[in-house]
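This report refers to the structure that appears directly beneath it.
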Amino acid sequence: MYKMLRQQSEILNESVVRFAQHLVRVPSVSLNERAIAALVEQQMKKVGYDKVLRDDYGNVIGILFGYDSDRSVLLNSHMDTVPPADPDSWSCNPYEGLIRDGLLYGLGSTDCKGGLAAQVYAGALLKRSLLPLRGNVVVAATVAEENGRSVGVRGLMQRTLPELGIKPSYAILGEPTGLGLYYGHDGWLEIEVRVEGTNPFQVEDAAGAIIGELHAGNGTAVGPEELTVRRPRFVDDNGFRRATIEMNRRLRSDEEVGCVLSQLKHNVSTVAESSGPVAVDVLVREETQRLYNGQTTVVRHITNAWQTDPFHPLIDHARDALAAAGCAKVHPGKWELGRLGMGTAGGVLTKEFNVPTVGYGPGIEEKAHVQDECVEVAKITEAVYGTTAIIHSLIGVPVFGWTSDEI
Amino acid sequence: MMNILVFNCGSSSLKYRVIAMPSEVQRAGGEAQRVGPPTAEPSRIVYHIGDVNGTHYVEMRDQATAFEQVMALLAKHPELKPDVVAHRMVHGGTRFERYALVNEEVIADLDAVADLAPLHNPPATGLVKACRARYPDLPQIVVFDTAYHSTIPDYARTYAIPRWMTTDMGIRKYGFHGTSHQYVATEAAKFLGRPMSEFNAVSCHLGSGGASLCAIVKGRSVDNTMGYSPLQGLIMSTRCGDLDPALTLRLLAQYNGDCKSVERVLNKESGVLGMSGVSADISDILAGIAQGKGQFPKMDLTAQIYLWRIRKYLGAYMAAVGYADAVIFTDTIGEKVAPVRWAVCADMETFGLSIDPERNRNPSEPPVDVATESSPVRILVVQTNEELAIARDAYSLLSRAGSFREHALA
Amino acid sequence: MSILVIRPSRYTSHFAYFAGGCREPILTGDMKPLHSGDGDETETVEELLHIRSLCRKRLSAAEPDALAVRLTFTASEFPKPVVATPEVIRRLQALVPRAPLHLPPKLRLIEHCRQAFPEVPIVLVSETSFFSGLPARERYYGLHADITKSLKLERYGFHGIFHEWACHYARHSIRQNPAARILSVCLIPQPEITAVMRSRPVMVTGGVTPLEGIPGETTCGELDAGIVLTLRKEMGWGPEQINNVLTRESGLRGIVGRDVTVDAIFRTDDPDVRLAREIIQYRILLACGAGIAAMGGVDNIVFSGDYVDVGEILGPWLSSTLVFKGNPDRRIPWLCFRESLDRLIADSAELTIRSHLAALQSETEWDRSHVASGYSVPANV
């Protein structure tokens with residue numbers, strides 16, 4: 001089977017790379033995914049998905065139906081990118097889709113348009129290979145991941161898929177893993193500490209004391225490298241002065257957001273008390289956003305830490321399948337998430353919807369959100385093949401004992 | 001003169017004998033039957049001491065309890081105090097010759113080969129350990145079942161898999177029930193007045209737990225239906241026998257790659273028990289059909305598939321042996337269940353086999369010939385006595401090694 | 001009757017065009033594999049149209065009377081060849097999960113044939129049809145009844161077309177004994193043996209998949225289940241990887257350490273392949289013994305298949321080895337059936353079409369042996 005799959009996969013190499021280039025050429029900063037969604041939809045229809053639709057959130061969903069639909073695999077990549085930091089610092093046009101020395105350059109190439117292209121084509125490969133599936137394959141290109149904290153995925157899981165009668169048993173993220181199998185990452189919490197009082201000087205003192213305490217890393221239960229604290233903003237409002245301190249804090253997979261907040265509130269309140277009677281509150285930063293199709297939604301800035309049990313059958317199956325398919329040896333690992341604001345939809349999928357999730361994508365984490373973002377072209381094509389092998393081991397009709405040779 | 005206590009730890013039974021050597025007089029013996037999960041009949045120890053017979057009903061969920069119960073029975077008779085304990089061990093892998101005197105090193109080696117026969121070696125090794133803990137001064141000997149099959153030629157023992165698996169991983173046919181096949185072949189040759197070295201036969205060891213056929217040429221094993229593990233070959237009480245390898249893979253995928261679950265399914269939930277859903281004992285099934293319960297299609301089908309597999313292998317091994325002198329039936333099913341012998345041997349004149357229905361139905365005490373007068377190939381029912389074979393081995397080891405007490409001290 | 005035979009495969013599909021009355025095809029060739037380009041599948045239809053025009057040129061006749069498409073697996077669904085109707089296609093689609101690599105491309109090709117030859121009946125000739133009457137005692141494994149049922153585990157043979165015609169030939173052409181008990185040895189990359197009483201197989205070496213049975217050129221054949229579990233435990237391989245090894249790296253390739261054909265191991269004295277030859281020969285011997293026991297005797301051994309010539313070596317050997325006490329002088333007669341698979345498929349299709357027509361015209365049951373008695377016996381007998 002793998003020989004046949006590899007052959008079929010190679011035939012698709014050129015078109016998947018072309019598609020990835022195309023994706024890069026269509027700018028898709030978060031909340032502006034309309035054009036790229038149209039492109040993805042069109043491509044899914046072209047390569048033969050059984051059903052292609054766009055949901056209320058603007059997500060594009062392509063489905064291959066299996067023989068019985070009690071199990072489904074969700075392939076998820078986000079369509080959006082972060083805004084380009086400084087286009088002038090790029091060595092090439094971030095929207096050109098330039099391929100140089102086997103690397104595809106462009107904004108979102110590694111995070112995660114390369115992965116998106118590979119996932120869309122994994123479905124195409126399955127279709128062409130004529131391998132029967134027991135369960136369904138759902139490829140979801142989602143919106144508002146980078147800025148929206150998985151708004152697209154949450155909507156997909158809350159409404160779109162239930163309405164289609166699909167409950168994913170497993171999810172594969174096309175986020176950058178360098179074709180490793182990643183099973184989780186730590187999270188980030190964006191927090192606002194608000195200090196409010198009638199005496200403006202006391203509010204300033206309290207805010208200052210809190211900043212000092214936070215800078216020293218006291219009372220936050222994380223090290224200084226896992227914390228960023230901004231200078232307070234002051235607002236006078238109707239006889240009150242309010243100080244808002246924005247901070248970001250690393251969130252480990254074993255930490256509960258509620259506990260972290262109440263502990264922090266307790267600590268900063270104690271610090272503030274010495275400055276006089278001020279009210280202190282600690283909140284997760286919230287933001288109202290308008291999606292590209294006009295819908296509005298309130299976003300809480302939490303990137304959930306998450307982890308799928310590294311011994312979960314999903315990881316085992318995926319690793320065994322990649323080994324059997326003759327892919328380079330993979331070691332399970334986790335995303336580093338070195339910079340603030342990075343994250344994946346894994347938190348939503350595992351924690352809110354209890355779907356075991358693994359990342360398998362062609363990009364490389366260090367190349368995400370940086371100038372000259374790029375992805376190896378060969379990894380995109382390999383990801384098409386590898387993803388297909390994983391899907392087949394999860395929900396394909398097993399071919400044990402058969403070969404594609406004539407018998 | 002010494003008393004040898006022989007244990008034969010099967011998958012669902014624990015046989016024991018106290019045999020006086022070198023006179024080969026059996027002074028006591030018995031069998032803990034239906035050890036393990038409950039079957040249609042209760043578990044019990046059927047025993048005899050001298051000429052006195054008895055049955056002791058007691059629940060025995062595992063071999064260790066069975067061992068305790070047997071020792072308690074024997075303790076009532078001081079004259080039966082064993083001088084040496086000998087164990088039958090199913091799989092010696094490549095670490096052991098025919099037999100070994102137990103010491104720490106041997107126990108470590110036994111642990112190392114435990115996985116080769118996951119259903120048999122661990123309880124037997126457990127028994128060795130229990131015995132050593134309880135009676136540390138008693139010398140123990142283990143005799144290996146795989147030894148008789150070491151003469152199986154390369155073309156019959158090599159699987160068609162990459163060569164390195166055979167050479168580096170030791171994946172090849174080992175064969176089992178060797179002690180029994182060798183014993184009954186020896187007795188059959190004696191019975192027919194033929195030297196073992198010129199004796200050709202197919203030996204059918206049909207036990208209540210495991211079962212295998214052995215092709216014997218010039219007294220030596222040339223093939224056995226069991227293979228690398230006891231899973232291959234005939235359908236057994238709870239074991240599946242031959243399977244399409246793709247099926248094992250299907251099961252493995254279904255259980256998320258968990259070998260223990262698949263092993264459990266193939267070893268303990270398949271075979272007669274799995275197919276019939278009623279009992280693990282084919283005699284229960286055949287009796288059920290005879291009593292008119294055969295309208296349950298599962299029982300009929302179970303019996304058909306069970307008997308058919310034996311018959312096909314008998315044909316295969318008759319072809320492998322060529323000029324067979326005899327077909328030998330032994331062990332619980334082979335000795336006691338006439339319809340099995342009949343179904344397997346009827347209409348086999350092509351092979352020179354002609355079974356006498358009357359003699360087969362009411363055979364005299366074994367060893368007995370149930371073929372027609374004119375049958376070119378004899379059909380013999382021979383009582384297996386692996387325990388005696390083991391006692392002989394144990395005695396010869398100890399005699400060769402000089403005083404066994406010295407040996408035990410060493 | 002002129003018949004275009006197509007043997008579809010994942011890789012190159014083969015076709016052969018038989019004009020009425022000719023035993024040899026007047027046109028043969030290979031088609032490009034399905035999906036050889038990254039576009040859609042119209043190219044396959046175009047290729048078929050091209051074949052159609054070639055047929056016309058060669059033979060001034062307009063169209064073939066029928067297309068015959070060989071299927072490798074249809075479980076026990078169709079005891080005889082069938083004309084492809086929408087109902088038949090639906091039943092085939094339901095069988096896809098049981099032959100996941102084989103049925104889908106075949107169904108696709110049938111669709112293409114339908115487009116290229118809209119007026120021509122398509123007869124589906126299946127390799128497993130012959131085994132649809134396999135007795136239950138041979139069909140089922142010693143597994144738990146629930147597993148057998150839920151996974152639909154049944155044994156099949158996978159070379160029914162060769163076996164069926166070879167046995168037919170042995171019965172009618174040599175001894176005129178319709179009750180003959182025949183051992184049919186199909187010599188192909190993975191040899192298969194079946195025991196046939198009258199026209200019913202009672203024993204076969206194939207399994208749920210073609211992996212079981214006699215080892216093949218790359219397939220392991222019969223294997224202790226414990227070995228699969230050991231590979232999982234000691235190598236840490238997943239089932240897919242074990243499957244790769246057992247289907248691709250085993251058999252003759254595994255034993256010899258390089259690619260060799262079944263044909264080649266019988267034609268060389270190379271010491272490297274001796275063990276491989278002995279293993280195959282021994283497994284064939286055991287299977288023959290089992291088959292004889294299954295039938296309670298044997299009247300003929302017949303060889304067929306791509307490597308039928310190996311029968312010239314195995315025939316005398318089996319005949320002198322399958323000798324038993326009490327009848328030491330008896331030698332089992334053997335013969336080789338050399339007809340090509342294409343021709344047999346065409347014959348099967350022709351019979352089907354004729355019986356179809358006959359049933360329509362006179363509503364009398366078509367007697368297969370009646371037609372087949374007019375079947376010409378190859379010259380080599």
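All figures in this text were calculated on a predicted structure; none of them were measured in a lab. Below, chain A is the first sequence line, B the second, and so on; all start at residue 1. Both backbone and side-chain heavy atoms feed into the values below; hydrogens, waters and symmetry mates do not.
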Under a 4.5 Å heavy-atom cutoff, which of C:V245, C:L211, C:T219, C:T218 has the most pairs with chain A?
C:L211
May I ask you to name which of C:P104, C:P97, C:G238 has the most heavy-atom pairs under 4.5 Å with chain A?
C:P97
Would you call C:D342-C:R7 a salt bridge at under 4.0 Å N-O?
yes
With a 4.5 angstrom heavy-atom cut-off, is it the side chain or the backbone of A:Y67 that approaches chain C, or both, or neither?
side chain
Taking side chain as everything from C-beta outward and backbone as N, CA, C, O, which of these in [X] sits under 4.5 Å from a heavy atom of chain A? Side chain, backbone, both or neither.
X	result
C:R98	backbone
C:V208	backbone
C:P8	backbone

Decide yes or no for C:P100 and A:P132: does some side-chain heavy atom of the first lie under 4.5 Å from some side-chain heavy atom of the second?
yes
Answer with yes or no after comparing the ring centroid distance for C:F158 and A:W402 against a 6.0 Å cut-off, counting only values under it.
yes
Donor-acceptor pair, distance only, cut-off 3.5 Å: does the side chain of A:Q119 make one with the backbone of A:N76?
yes
Once rounded to the nearest 0.5 Å, what's the spacing between atom CG of A:L314 and atom CG of A:D316?
9.0 Å
